[in-house]
Amino acid sequence: MAAAASLCCASWAQDSEPGALGSVTITGTRDNATTRLPLTPRETPQSVSTVERAQLEQQSLTSVDAVLRSVTGIHVSLFDTQRPLYYARGFQITDFQVDGLPTYSANTNQEFDTALYQSIDIVRGANGIMTGVGTPSATINLVRKRPQRKFGGSVALTAGSWDLYRAELDLNAPLTSDGSVRSRWVVAPQTRHSFRDRYEEDKYALLGVIEADIGAATVASVGYQRQNNEPVAGIWGALPRFASDGGLANMPVSTSFSPSWTRWSRDSATLFATVDHQLAEQWALKAAYNHTEGKNFSLRTYGYGSTVSSAPFPNRSTGAGVRLYAAVGGGTEEQDTLDAFVTGKFSLGGRQHDLTAGFSSLRTTTHSDGYTSVAGWSYSVPNAYAWDGTAPMPAYSRTGAFTEQSTKQDAVYASARWRLADPLALLTGVRITNWKRHTDNHNTSGVYTSTTARQSVSREPSPFLGVVYDLSKELSAYASHTGIFNPQNYKDRNNTPLDPVQGISNEIGIKGEWASRGISGSFALFEVKQDNYGIRDSSVPAASLPDGSSAYVGVNGTRSSGWELDAAARLGVGWNATAGLTRVRTQRNAADLTYANLPEWLAKLGTQYRFGGALQPLEVGAQLQWQGRMDAVNVPSPSGPATVTQSPFGLLNLNASWRFSEATSLYMAVFNALDKQYWATLDYPNYGEPRSFSMTLRTRF
């Protein structure tokens, strides 16, 4: 777990850069994920966590899903196997970035493989300066590995539960003798079965980057990254919570209502380029461009009752009462992202201040293919408790019809740090965004027929205001206010698109770092609000709009408030600990019957210990992820909508490593070591993952 202040735990001391070994020391600054200003975590007036490469390897965190489970204030949930959900401060996280550029897509979103990344930054709260569009929850920024000047690399082989087999190759290769032109190559194939019946997944991730020094003032790079996921029999939909007699169904943990012919493939590739140019001694120009192409296809089934509108309630004796229904879909997506900014220092009033100003542009085109309907297909599961997955495959084909949804976003932004006094800094910023979206419809001959769902937002401001006061060299107090907005795909009863959701995030806190004693930490109070949040309009019938969708209405009053404590400490030679505690209370408008489904309390505790003497090669660690009681309302049951509860529980992860030499180590990890059975979600019930383990042999050269 990474604390909100600048963290460097001595137990994660092995540098993961190829060809380099030794202790990691985090010093200096890097472009802040909130403002683009060169701020340290303690100088940032928001809660910030960073998970470094050494921690990813020590704890065998190979996906962003596993990483976020360990981060203070983040709640990990899921709809099903291919749709993980992440929440912070009561709201879903949808803002994902790679090297500071937006990358999230609901259609081609991956559980990003961490083999490609050097670190992962998490900024909790709204991030209006850099995103403008989004939710006031958190921003996840994945920082790619970059080429180094010296030759080196690493190879890792992993085996684990459910036939997990994985390999990683990370190669740093200078292309000139002095390293002025250099390259980095990463490839990570993986195959794995599952505790769920019939589910398995093959995937691979790869990265290639070439970077060059162009003169003394310019560094340019081009690269390509790709991730391909090919799951078979992935879960879509939920398991029955109740049996027909009203009691709990108690389905086996391995239960799946997906035959082996179901698919849910996602493939995403990005071509990227960056330029860093030193304009003057204290001014720099940075520009980055990403072109991403993705494709997806799914043939899925879900278990329901006798009709698609009734929940499945199996008979406890016979297992009857679950019927399968199907859906098919697919398409492609292209995204072009450009971001350019200048950053530097200037003098005013006898003091030196920081300024960043930039422009960003985003173009996304989502192409959705039309398929023949499979709505008439269904299959009655003979016995939900003992079904072997056998079911006939529905017939389907492409119709030739398609839709193309186009989204355009252009923005200018600026942020500054004003040093008003030696201990006092004021941070100001604003982003002005123009946003447009529309959908073009084409018939089965591919001929354009109409444009629908037109939406636009012009000159929408997203402000940022922060203040940081240094109480001492080690301790600072801060406060911040951030605004953000989020367009909605909903329409009202008059078939008119809803206006965007408006969100704000307020935070005050204190941060400290005592490097010589190995202690760092933060405490924050926060409040998050959303207005005009779209909910189902119960005054008109469902599916009453011309396109068959339901009408929505915007409501105010969606808010959350709470506090979080985040800390790291060196407890002794080779012994480190981290702790994060969060309390979030979420309130909704009385008309909003959305399932709560989020815990009020979260705790993340971790420790790492490296032995001395004859056992010096051995390091062990443990991480506890605990959550408080969780409630969900309006959950279908045989007697009508019900409120269901999950009691507080914790998951214990263990890790250990043995260093055979300075180059070679064996890593072992056990996830959910106590084999706790729990629901990953309540309103959309699916079981969480039971106990699993992995072993990784990694060698560097």
Side-chain angles (χ1 to χ4, degrees), residues 78-83 106-109 193-194 196-202 228-240 251-252 254-267 294-315 318-333 366-403 441-446 542-543 547-550 636 684-686:
L78 57 83
F79 276 140
D80 33 50
T81 53
Q82 312 313 127
R83 292 187 294 174
N107 293 318
T108 57
N109 178 39
H193 290 190
S194 170
R196 297 183 172 95
D197 294 336
R198 296 171 296 283
Y199 178 53
E200 59 184 274
E201 182 178 42
D202 292 334
N228 177 269
N229 292 50
E230 295 287 345
V232 173
I235 293 285
W236 182 46
L239 300 180
M251 304 296 295
S254 62
T255 300
S256 167
F257 293 127
S258 297
S260 57
W261 42 259
T262 55
R263 298 287 188 273
W264 201 335
S265 62
R266 295 175 180 181
D267 190 2
K295 61 181 179 180
N296 66 91
F297 172 77
S298 62
L299 174 62
R300 315 183 298 275
T301 61
Y302 61 97
Y304 249 56
S306 58
T307 68
V308 294
S309 61
S310 64
F313 303 126
N315 182 285
T318 67
V322 176
R323 180 173 288 273
L324 298 187
Y325 298 88
V328 61
T332 61
E333 183 171 280
T366 303
H367 175 107
S368 299
D369 293 316
Y371 287 84
T372 54
S373 175
V374 293
W377 181 91
S378 68
Y379 174 78
S380 181
V381 176
N383 184 343
Y385 291 95
W387 182 51
D388 64 1
T390 301
M393 182 188 298
Y396 66 91
S397 62
R398 292 262 300 273
T399 65
F402 63 92
T403 63
N441 305 287
H442 299 76
N443 63 21
T444 55
S445 299
D547 63 357
S549 62
S550 297
Y684 213 72
N686 275 302

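Just so we're clear, the structure is a prediction, and the values are computed from it rather than from any experiment.
Under the 3.5 Å distance criterion, the side-chain polar atoms of Thr81 are matched with a main-chain donor or acceptor of Ile235. In this structure, the side chain of Ser550 engages the main chain of Ala543 through a donor-acceptor pair within 3.5 Å. Not one N or O on the side chain of Trp387 forms a donor-acceptor pair closer than 3.5 Å with the backbone of Thr255. Within the 3.5 Å criterion, the main-chain N or O of Ser256 finds a donor-acceptor partner in the side chain of Arg198. Side chain of Thr444 to backbone of Thr399: no donor-acceptor contact under 3.5 angstrom is found.
With rounding to the nearest 0.5 angstrom, the NE2 atom of His367 is 12.0 Å from the CD atom of Glu333. From Asn229, atom CG reaches atom CZ of Arg266 across 8.5 Å, with rounding to the nearest 0.5 Å. Taken from CG in Asn441 to CZ in Phe402, the straight-line distance is 9.5 Å, to the nearest 0.5 Å. Note: Asn296 CG to Ser368 OG = 7.5 Å, rounded to the nearest 0.5 Å. Here Thr332 contributes atom OG1 and Asp267 contributes atom CG; the two are 11.5 Å apart, rounded to the nearest 0.5 Å.
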Checklist entry - Hey, mind stepping through Tyr199 and His193 against side chain to side chain contact (heavy atoms under 4.5 Å, CB included) and telling me if it holds? => result CA-CA 6 Å; Tyr199 178 53; His193 290 190; over 6 Å; no
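Judged as a side-chain hydrogen bond (donor to acceptor under 3.5 Å, both in side chains), and not counting sequence neighbours, His442 has no contacts. By the side-chain hydrogen bond (donor to acceptor under 3.5 Å, both in side chains) test, Arg263 pairs with no residue at all, sequence neighbours left out.
Across all their heavy atoms, Asp80 and Gly237 have their closest contact at OD2-N, 3.2 Å. Annotation for Leu239 and Asn686: closest pair CG-OD1, 3.7 Å, computed over non-hydrogen atoms. The heavy-atom pair separating Val328 from Leu299 by the smallest distance is CB-CD1, 4.0 Å. Trp377 approaches Ala326 most closely through the heavy-atom pair CE3-CB, 3.5 Å. Heavy-atom minimum distance, Ala238 versus Phe257: O-CD1, 4.4 Å. Scanning both residues, Pro314 and Ala384, for their nearest heavy atoms gives CB-CB, 4.2 Å.
In this pair, Tyr304 and Tyr302 present their aromatic rings perpendicular. The plane angle is above 60°, beyond the 30 to 60° band. Ring planes of Tyr371 and Phe297: tilted class, angle from 30 to 60°.
Inter-residue side-chain proximity for Met251 and Pro240 is flagged as met; some heavy-atom pair is nearer than 4.5 Å. Side-chain contact check for Trp236 versus Arg83: some heavy-atom pair is nearer than 4.5 Å.
Under 3.5 Å, the side chains of Ser378 and Arg323 contain a donor-acceptor pair of N or O atoms.
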